[in-house]
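Single-structure report; data block below.
A note on names: the letters A, B, ... follow the listed sequences, proteins ahead of strands, and every chain is numbered from 1.
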Amino acid sequence: MPDGTQVPDGRRVVVVGASMAGLRAAEQLRAAGWTGAVTVVGDEPHMPYNRPPLSKEVLAGKAPFDSLAFTPKASTADVEWRLGTKAVAARLAERAVDLDDGTTLSYDGLVVATGMRPRRLRCPGPQAGRHTVRTLADAQGLRDELTRPGARVVVVGAGFIGCEVAATAVGLGVTEVTVVDPLPLPMVGPLGPLLAHALLRRHEERGVRFALGTGVAGFEGDDRVTGVVLDDGTVLPADIVVESVGSTANVEWLDGNGVDLADGVRTDEWLRVGGRPEVVAVGDVARFPNARYDGVPRRVEHWSIPTDTAKHAAKVLAAHLADGGGELALAPFAPLPTFWSDQHDFRLQSFGAPVLGRDDVRILDGDPDGDVLVGYHVGDRLVGVVALGGHAVASKAARYRAELLKQPALSVQGAVK
Amino acid sequence: MKVVVDMNKCQDHGQCVFAAPDVFSMDDDGHLLYVADADDALRDEVEEAADVCPLQAIRIED
């Protein structure tokens, strides 16, 4: 098949995925000295934009698209953007990517940045009225329905996105908002029961209802959803359903290359894919071992990860393309994860890996009825801190960040599967 | 180097403080303080701060 855009000097890096990770990869390739061509392919029609406001400010009508779009660095002015175009296959042995417009891009280096898509519930019932929140189009579509007077909302999934959407809906004046989850508490998986109890209480005090310990059996309605059927047969009346039940990695286009694609793209500690030094993965599709912890490869869906992975992977790829296989003078990838979540009038701020220390949670400051700072431990080692409350307690969490950064790698015995 | 923070966007996350502690800091209430006229030697740090700002509220104007 002919090459869609032959690069004059023949040296090109193709970045597949035009969200934050793809943009940061392009920028960091330039920062790492790559002067060849860069082509970024993305299936959405938009230039890269910031996604966290989708479940909050965009739903609330406070953030137009202009305020979400990243401002690309001047160094990327000559990057070619192929937007509204999807990669459908890769032939890594031939260093070629096939696009859905029929063209093929050959490359010297490939950056995998295709991210995630929302998982959907597979239940019987109508489709209309069911939403996810991943893209700008998703958020705009949901906002149009949320602002109809008298809308009743059921959010399926009590994770961070589901709880943010529920809080935003209440803030918009929606009076019936119910969050459904098979687990007994919201956000209990990543945070453990101590904070999850505190979060449940805060949400209930602000008007969010919960149906916990139950799954969804189906949806009622003919043309569109009128109710959500729970496992025990109870029906929650609903005009709008938001499905926030996790996500699936966009990796199908890499099938057939012998790459480990079980839950994202498996990388080595330098973010390289399939033993190929010219292929790296960045962002939340990358399943990488973190040398800071136990070395078990994991995907990490935090906002900080696209930038962290892009910096590391771009150095690795640029070094390979510059000298074609010299020694890599770079430490293994060992980011300190960080995330936040804004819900109602409070913020969760996390540093480190609380999920590894869920079985030993200690209050470091405050109490769960007010602003509280908790530490997560493996043995006596602090592995993560989470603040819940206002700005002042988030600042206190930040003081523990230096301690988390100083610690040596976690021993494998201390590892949590 | 002129550092500009859009204070309508800033939500006091403090990620910039880790990236560029010579330019950004938080007061005791957890609100952002910053040096608008920063030394050019700190450009890399401030670029890093702009990258990691969750609200993308930081700009460098030469």
Side-chain angles (χ1 to χ4, degrees), chain A residues 20-21 23-25 27-28 30-31 48-53 56-57 62-63 66-75 302-308 310-311 335-336 338-342 345 347-351 371 373 387 389-402 404-405, chain B:
Chain A
M20 186 186 190
L23 170 65
R24 293 287 186 245
E27 291 175 344
Q28 293 301 325
R30 289 287 182 251
Y49 60 91
N50 202 19
R51 294 188 194 275
K56 300 176 283 279
E57 290 87 349
K62 293 178 191 163
D66 288 355
S67 71
L68 304 186
F70 288 109
T71 306
K73 292 192 189 355
S75 62
H302 297 343
W303 186 86
S304 59
I305 291 297
T307 301
D308 290 342
K311 283 190 176 168
L336 182 75
T338 175
F339 71 85
W340 82 95
S341 176
D342 288 328
D345 53 346
R347 172 174 294 168
L348 281 156
Q349 175 68 61
S350 170
F351 296 101
D371 285 6
L373 178 65
H391 291 158
V393 73
S395 291
K396 284 180 185 163
R399 288 179 209 150
Y400 285 88
R401 181 177 173 274
L404 292 166
L405 278 170
Chain B
M1 168 179 54
K2 192 171 175 224
V3 180
V4 179
V5 180
D6 182 341
M7 294 308 288
N8 291 321
K9 282 189 172 180
C10 175
Q11 292 181 8
D12 301 312
H13 280 266
Q15 294 291 330
C16 53
V17 180
F18 307 131
D22 298 317
V23 177
F24 302 96
S25 59
M26 305 299 271
D27 68 17
D28 287 344
D29 295 327
H31 294 300
L32 180 70
L33 305 171
Y34 70 101
V35 180
D37 185 15
D39 192 312
D40 222 40
L42 301 172
R43 183 171 293 267
D44 284 355
E45 280 185 26
V46 177
E47 278 194 5
E48 165 87 13
D51 281 354
V52 300
C53 171
L55 280 302
Q56 296 290 290
I58 301 170
R59 256 183 9 255
I60 300 172
E61 289 183 359
D62 294 318

>> Heavy-atom pairs under 4.5 Å with chain B - which of A:Gln349, A:Lys311, A:Glu57 has more of them than the others?
In response: A:Lys311

>> Filter on salt bridge (Lys or Arg N to Asp or Glu O under 4.0 Å), then keep only pairs touching residues 36-45 of chain B, sequence neighbours left out; what's left?
In response: B:Asp40-B:Arg43, B:Arg43-B:Asp62

Heavy-atom contact with chain B under 4.5 Å, split by part of [X]:
{"X": "A:Ala398", "result": "both"}
{"X": "A:Phe339", "result": "neither"}
{"X": "A:Thr71", "result": "neither"}

> Please, which pairs that meet ring-ring contact (aromatic ring centres under 6.0 Å, His included) have at least one residue in residues 34-59 of chain B, sequence neighbours excluded?
Replying inline: none

> How about residues 14-25 of chain B versus chain A: which residues have heavy atoms under 4.5 Å apart?
Replying inline: B:Gln15, B:Phe18

>> Need one label for B:His31: side chain, backbone, both or neither, based on atoms under 4.5 Å from any heavy atom in chain A.
In response: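 Contact with chain A: side chain only.
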
> Relative to chain A, which segment of B:Asp51 carries a heavy atom at a distance below 4.5 Å: side chain, backbone, both, or neither?
Replying inline: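 For B:Asp51, the contact with chain A is made by backbone and side chain together.
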
>> Test your reading of the model: is there a side-chain donor-acceptor pair from A:Thr338 to the backbone of A:Ser350, 3.5 Å cut-off?
In response: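 Between the backbone of A:Ser350 and the side chain of A:Thr338 there is a qualifying donor-acceptor contact (under 3.5 Å).
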
>> If we ignore hydrogens and angles and just use 3.5 Å, is the side chain of B:Gln56 paired with the main-chain N or O of B:Ala50 as donor and acceptor?
In response: yes

> In chain order, what residues pass the side chain to side chain donor-acceptor pair (under 3.5 Å) check against A:Thr307, with sequence neighbours excluded?
Replying inline: A:Arg24

State, with a plain yes or no, whether a side-chain heavy atom of [X] is found less than 4.5 Å away from one of [Y].
{"X": "A:His302", "Y": "A:Asp308", "value": "no"}
{"X": "B:His13", "Y": "B:Leu55", "value": "yes"}
{"X": "A:Trp303", "Y": "A:Asn50", "value": "yes"}
{"X": "B:Met26", "Y": "A:His391", "value": "no"}

